[in-house]
Asker: 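Before we start, here is the structure in question, set down as structure tokens.
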Amino acid sequence: MKLARRMDSFEESATMEVAGRITALNAKGKDIISFAAGEPDFDVPEPAKEAAIKAIREGKNKYAPVAGNDQIKTAIVEFTSRQLGVDYAKSQCIVSMGAKHSLYNISQVLFDEWDEVIIFSPYWVTYPSQVLLAGAKPVFVNCRPENGFNPDMDELKSKITSATKAIILNSPCNPTGAVYSNETIRKIADIAVNDDIYLISDEIYDAIVYDGHKHLSPVQLGADVKDRTILVNGMSKSFSMTGWRLGHALGPEPIIKAMVKLQSQSTSNPVTPLMLAAAEALKDTAFFATRASEFKKRRDIIVGALNSMDGISCVVPKGAFYAFPNFNGWLGKKFDGEVIRDSAQLANVLIDHAGVGPVPGVAFGAEGYLRFSYAMATERIEEGMRRLKAFGERLA
Ligand code: PMP
Ligand code: GLU
């Protein structure tokens, strides 16, 4: 079969692939604790469930405006105003099928062939592939563990060229759990303003921050920054509504309009009754604080366990729900006579022989690392860490 050339330009999502593989193995009777998918175990908020059932029963099941119905757009701009103190018009908002879809639309309407797009590395698996799919060129800037995985500013400056179109920012960060310092965000915003570059700010983990850190969005830094930023958020993480596939973008009207045009020829509106229900969920965010403290408990358990094991070191995440430990101390060792050479092989051996399923760091641009999503019950985390430790003791 001869597929389009563009299909060779990008990779399948490793997070989705590993999570799917573990689910299939467990369905066949294996017992693997999946640390793979970034998916909170909490249930969908009750008001959303009730409102979805009501909307379906009341016949609100027809097409809606391509950019999303008025109810959800009103709820999104009010939510953003409450959370960030920044106001948007509804014409600056588009709702899509998940934040991943919002980001895809942004890349398609903004990037031309040969444009350069700055991605901080380690990065969420999807950014480089979406940039490549648009024909543009990902340019990576390192975030080092000794800087709490904040981007290296000198390197950022050195990588800006006349072809740089945008910088993708993700704080709190998947996979590192970094929450960029205010100074870092300010410096990135200054560069964007001075060099006429767009900022794409993926803030899907905005409500999951620990230890008194506060989420700062570049759009809070003033009109000049807001006018060149596209803010992305969604219902998947803070609201545990991954399967509902609702994400949104807020930004300059011409960019949003272009995204609506693209969406009008690809998916049309997101699911009508689910948008109405999500609008209800967005009104009540009182549970964010208790959720964040529950995630913090889990973080402390997993990071404590990882750092107590020989050959593993893990920077303490300040937000999101991922631990991103370095396993270089385990690479080069033998398991059952076979040398473990890299993170992909290590993740596979752990899935097959330890009953523990992380995602290899190489998928996030960080060989030598593994990513563990800890959005699960503490007993499962503890059992997973016991298995990991027992496996480590069998390495020679
Ligand atoms: N951005 C980041 C950083 C993520 O981790 C995810 C997780 N899926 C997304 C965007 C997309 O989320 P969704 O499409 O489920 O809204
Ligand atoms: N964002 C989550 C993760 O990184 C879900 C999977 C995905 O959307 O790629 O695991």
Side-chain angles (χ1 to χ4, degrees), residues 10-23 34-42 44 68 72 76 94-107 119-131 133 143 149 167-180 200-209 215 217 230-250 263 267 270-271 274-275 278 281-282 295 317 319-324 347 357-366 369-376:
F10 67 100
E11 301 289 332
E12 179 183 354
S13 166
T15 46
M16 292 311 228
E17 189 276 318
V18 179
R21 184 148 46 95
I22 294 171
T23 305
S34 179
F35 289 92
E39 178 160 57
D41 56 333
F42 300 114
V44 168
I72 193 166
I76 288 166
I94 173 172
V95 188
S96 300
M97 264 57 90
K100 189 183 272 186
H101 184 212
S102 308
L103 289 159
Y104 176 79
N105 284 346
I106 295 168
S107 65
I119 296 175
F120 297 119
S121 177
Y123 46 76
W124 179 46
V125 283
T126 292
Y127 301 140
S129 285
Q130 290 192 344
V131 169
L133 248 172
C143 302
F149 287 114
I167 298 173
I168 303 179
L169 197 73
N170 174 221
S171 173
C173 174
N174 173 7
T176 63
V179 174
Y180 295 169
I200 298 166
S201 187
D202 178 351
E203 302 181 18
I204 193 134
Y205 298 100
D206 61 344
I208 308 167
V209 281
H215 169 68
S217 168
I230 308 106
L231 191 168
V232 175
N233 206 332
M235 305 304 293
S236 284
K237 314 295 172 172
S238 323
F239 294 89
S240 292
M241 288 162 67
T242 46
W244 287 39
R245 311 307 305 128
L246 288 168
H248 62 261
L250 294 160
Q263 195 157 291
T267 59
V271 182
L274 299 190
M275 286 195 288
L282 281 157
F295 278 128
F321 41 65
Y322 306 99
F324 201 57
V359 183
V362 67
F364 308 93
Y369 288 77
L370 295 178
R371 191 194 77 173
F372 290 74
S373 166
Y374 55 83
M376 64 173 90

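Just so it is clear, the values below take in all heavy atoms, side chains as well, and ignore hydrogens, waters and symmetry mates. For ligands, and for the atoms within them, numbers begin at 1 and follow the listed sequence.
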Asker: I'd like to know if the side chain of Gln130 reaches the main chain of Tyr104, judged simply by a donor and an acceptor atom lying under 3.5 Å from each other, with no hydrogens or angles considered.
Answerer: yes

Asker: Kindly tell me which protein residues have any non-hydrogen atom under 4.0 angstrom away from an atom of ligand 1, grouped by chain and ordered by number?
Answerer: Gly98, Ala99, Lys100, Trp124, Tyr127, Asn170, Asn174, Asp202, Ile204, Tyr205, Ser236, Lys237, Arg245

Asker: Supply the atom-to-atom distance Asn233 CG to Glu203 CD, rounded to the nearest 0.5 angstrom.
Answerer: 6.5 Å

Asker: If we check side chain to side chain contact (heavy atoms under 4.5 Å, CB included) with Tyr322, which of these qualifies: Pro172, Ser373, Pro358?
Answerer: Ser373

Asker: From Ile76 CD1 over to Leu282 CG, what is the distance, rounded to the nearest 0.5 angstrom?
Answerer: 6.0 Å

Asker: Any heavy-atom pair between the side chains of Glu17 and Val359 that's under 4.5 Å?
Answerer: no

Asker: Could you state the interatomic distance from CD1 (Ile106) to CD1 (Ile200), rounded to the nearest 0.5 Å?
Answerer: 5.5 Å

Asker: Say whether Asp202 and Tyr127, considering side chains only, have a donor N or O and an acceptor N or O under 3.5 Å apart.
Answerer: yes

Asker: Would you say the ring centroid of Phe321 lies under 6.0 angstrom from that of Phe295?
Answerer: yes

Asker: So which residues, sorted by chain and number, lie with a heavy atom under 4.0 Å of ligand 2?
Answerer: Ser13, Thr15, Met16, Ala36, Ala37, Gly38, Lys100, Trp124, Asn174, Lys237, Tyr322, Arg371

Asker: Which distance, rounded to the nearest 0.5 Å, do you find between the CD1 of Ile94 and the CD of Gln263?
Answerer: 4.0 Å

